[in-house]
Participant: 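Quick one: the structure is below, and I'll ask about it shortly.
Since the model is a prediction, treat every value here as computed from it, not as a measurement. Along the sequence shown, residues are numbered consecutively beginning with 1.
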Amino acid sequence: MTTEYTKVFQDADAVAKYEHVTYAPDSYASQINERQQAYLRKLVQREFGAKLPVQHDFACGTGRAIRTLDGLVQAAHGYDTSAEMMAKAEEVGSKASWHRIAADGPVPEPVPAGHPAIVTMFRLLLNVDDTVRDRAVAFAAKVLPTPDAGLLVVENHGNAGSLRHLRARRHSGQRWFAELSHEEIVQLLDRHGFEVVERTGFSMLTESLNKNPLARVADAAARALPGTDGFAVNVLYTARRKK
């Protein structure tokens with residue numbers, strides 16, 4: 001992760017704000033999280049069936065992705081640079097083994113936990129630079145050496161092809177407003193031997209537009225239409241290692 005991330009989330013108050021304010025009930029983030037949870041649980045049931053996978057959650061934070069798959073994995077492992085984040089994850093009921101990793105340096109070693117496996121990466125890619133993105137996906141490649149080893153699921157919560165992009169010029173140079181295109185995600189995964197097998201969008205609206213009840217109705221209708229995920233603000237990419 002970046003040095004900024006590591007410094008910020010060593011502070012218990014910042015961790016608590018992230019968990020209880022950013023993801024407060026009915027907040028923009030929590031609404032998207034609920035939709036992602038429904039999608040991921042169906043994905044795991046469809047792809048793995050009775051053979052429960054092991055979850056490796058990279059940049060696990062407060063364990064939201066781990067709680068999402070509770071009961072559908074045989075074991076879960078969370079990896080993060082922040083001990084405070086992982087402590088909060090355990091406090092709020094995330095069930096996993098926790099592994100603190102360095103902020104930089106060699107690609108971290110995953111715990112040898114067998115296959116099949118699912119690697120999850122949420123709210124990471126936009127918050128770090130290219131070097132850390134490559135390091136993260138290289139970690140996933142260690143967990144998933146072959147196509148039948150399992151799945152990688154990564155989140156892009158700032159799609160450059162969405163409405164959010166209209167604000168890009170105004171916020172140019174501001175680190176918090178990073179964005180990635182579908183092409184950049186595909187290229188990142190391709191560099192490490194992954195191919196995207198599924199792409200799913202979870203909100204067509206920015207956070208400010210989401211406050212409008214009529215806009216939320218329109219968003220729900222748009223998300224139901226095939227092919228609209230390319231214009232969603234928040235997108236999940238499901239990938240496998242290439243044959």
Side-chain angles (χ1 to χ4, degrees), residues 1-25 27-30 32-34 36-37 40 53-114 117-144 150 152-158 175-176 178 188 192 234 236:
M1 297 26 152
T2 61
T3 302
E4 292 82 0
Y5 172 92
T6 304
K7 287 180 178 178
V8 167
F9 290 114
Q10 302 303 329
D11 179 71
D13 289 339
V15 173
K17 180 180 178 182
Y18 177 82
E19 177 64 21
H20 302 297
V21 177
T22 301
Y23 281 93
S27 68
Y28 179 69
S30 66
I32 291 175
N33 180 68
E34 288 169 5
Q36 290 178 337
Q37 182 180 60
L40 281 171
V54 175
Q55 182 180 15
H56 297 263
D57 191 27
F58 193 82
C60 62
T62 59
R64 195 160 300 275
I66 288 169
R67 296 196 297 278
T68 287
L69 294 183
D70 184 40
L72 294 180
V73 297
Q74 57 177 290
H77 296 274
Y79 305 79
D80 206 286
T81 60
S82 168
E84 283 72 17
M85 277 289 211
M86 292 185 287
K88 174 61 74 171
E90 191 160 89
E91 178 188 318
V92 298
S94 306
K95 301 172 185 175
S97 298
W98 310 106
H99 311 280
R100 192 173 183 185
I101 57 174
D104 51 25
V107 177
E109 290 295 328
V111 174
I118 181 167
V119 180
T120 47
M121 295 180 187
F122 281 72
R123 297 184 76 89
L124 171 68
L125 299 186
L126 249 62
N127 298 328
V128 296
D129 59 24
D130 286 338
T131 300
V132 182
R133 290 176 190 137
D134 277 302
R135 184 171 177 257
V137 181
F139 168 87
K142 286 188 173 186
V143 178
L144 304 168
L152 166 63
V153 180
V154 299
E155 179 186 36
N156 176 10
H157 63 287
R175 184 68 188 88
W176 68 269
L188 168 64
H192 299 277
N234 183 287
L236 289 186

Participant: Restricting to side-chain contact (heavy atoms from CB on, under 4.5 Å), what partner residues turn up for Ile32, sequence neighbours left out?
Facilitator: Tyr28, Arg35, Gln36, Phe202, Ser203, Asn234

Participant: Could you work out, with side chain to side chain donor-acceptor pair (under 3.5 Å) as the rule, every residue matching Asp70, not counting sequence neighbours?
Facilitator: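 Asp70 satisfies side chain to side chain donor-acceptor pair (under 3.5 Å) with no other residue.
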
Participant: Of all heavy-atom pairs between Ala89 and Gly61, which one has the smallest distance, and what is that distance?
Facilitator: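 Closest heavy-atom pair between Ala89 and Gly61: CB-O, 3.8 Å.
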
Participant: Grab the two heavy atoms, one from Pro108 and one from Phe139, that are nearest each other, plus how far apart they are.
Facilitator: O-CD1, 3.3 Å

Participant: For His77, what residues pass the ring pair (Phe, Tyr, Trp, His ring centres under 6.0 Å) criterion, not counting sequence neighbours?
Facilitator: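 For His77 the ring pair (Phe, Tyr, Trp, His ring centres under 6.0 Å) partners, ignoring immediate neighbours, are His56, His99.
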
Participant: Partners of Glu34 by side chain to side chain donor-acceptor pair (under 3.5 Å), sequence neighbours excluded?
Facilitator: none

Participant: Under a 4.5 Å cut-off applied to non-hydrogen side-chain atoms, are Ile66 and Trp98 in contact?
Facilitator: yes

Participant: Check whether any side-chain N or O of Arg67 sits under 3.5 Å from a backbone N or O of Thr62 as a donor-acceptor pair, and report yes or no.
Facilitator: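 Judged by distance alone, yes, a pair lies under 3.5 Å.
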
Participant: Checking Asp57 now: which residues fulfil side chain to side chain donor-acceptor pair (under 3.5 Å) with it, not counting sequence neighbours?
Facilitator: Thr120

Participant: Kindly indicate whether the side chain of Cys60, heavy atoms from C-beta on, has any atom under 4.5 Å from the side chain of Met85.
Facilitator: no

Participant: Just by modelled atom types, is the Ala96 backbone N or O under 3.5 Å from a matching donor or acceptor in the Gln55 side chain?
Facilitator: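 Between the backbone of Ala96 and the side chain of Gln55 there is no qualifying donor-acceptor contact (under 3.5 Å).
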
Participant: From Arg135 CZ over to His192 NE2, what is the distance, rounded to the nearest 0.5 angstrom?
Facilitator: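 The CZ atom of Arg135 sits 12.0 Å away from the NE2 atom of His192.
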
Participant: Are Phe58 and Ile101 close enough that some pair of their side-chain heavy atoms sits under 4.5 Å apart?
Facilitator: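 In contact.
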
Participant: Nearest 0.5 Å please: distance from the OG atom of Ser30 over to the CD atom of Gln37.
Facilitator: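 With rounding to 0.5 Å, OG (Ser30) is 11.5 Å from CD (Gln37).
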
Participant: Can you find a heavy atom in the side chain of His157 that is under 4.5 Å from one in the side chain of Asn127?
Facilitator: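 Side chain of His157 against side chain of Asn127, heavy atoms only: contact under 4.5 Å found.
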
Participant: How far apart are the closest heavy atoms of Ala59 and Leu124, and which atoms are they?
Facilitator: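 The pair with the smallest heavy-atom distance is CB-CD1, 3.8 Å.
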
Participant: Looking only at heavy atoms, what is the nearest atom pair of Met121 and Ala136, with distance?
Facilitator: CE-O, 2.9 Å

Participant: In Å, rounded to the nearest 0.5 Å, how long is the span from CG of Leu69 to NZ of Lys95?
Facilitator: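 Reported to 0.5 Å precision, the distance equals 13.0 Å.
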
Participant: Has the side chain of Arg123 got a donor or acceptor atom that lies under 3.5 Å from a matching backbone atom of Glu155?
Facilitator: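 No, because the side chain of Arg123 does not come within donor-acceptor range (under 3.5 Å) of the backbone of Glu155.
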
Participant: How many angstroms lie between OG in Ser94 and NZ in Lys88, if you round to the nearest 0.5 Å?
Facilitator: 11.0 Å

Participant: With a 4.5 Å cut-off on side-chain heavy atoms, are Tyr79 and Pro110 touching?
Facilitator: yes

Participant: Working note: Leu125 + Leu188, criterion side chain to side chain contact (heavy atoms under 4.5 Å, CB included); need CA distance, chi angles, decisive distance, verdict.
Facilitator: CA-CA 10 Å; Leu125 299 186; Leu188 168 64; 4.1 Å; yes

Participant: Quick check: closest heavy atoms across Ala117 and Gly114, and the distance to 0.1 Å?
Facilitator: CB-O, 4.2 Å

Participant: Sequence neighbours excluded, which residues qualify as salt bridge (charged side-chain N to carboxylate O under 4.0 Å, His left out) partners of Glu109?
Facilitator: Lys142

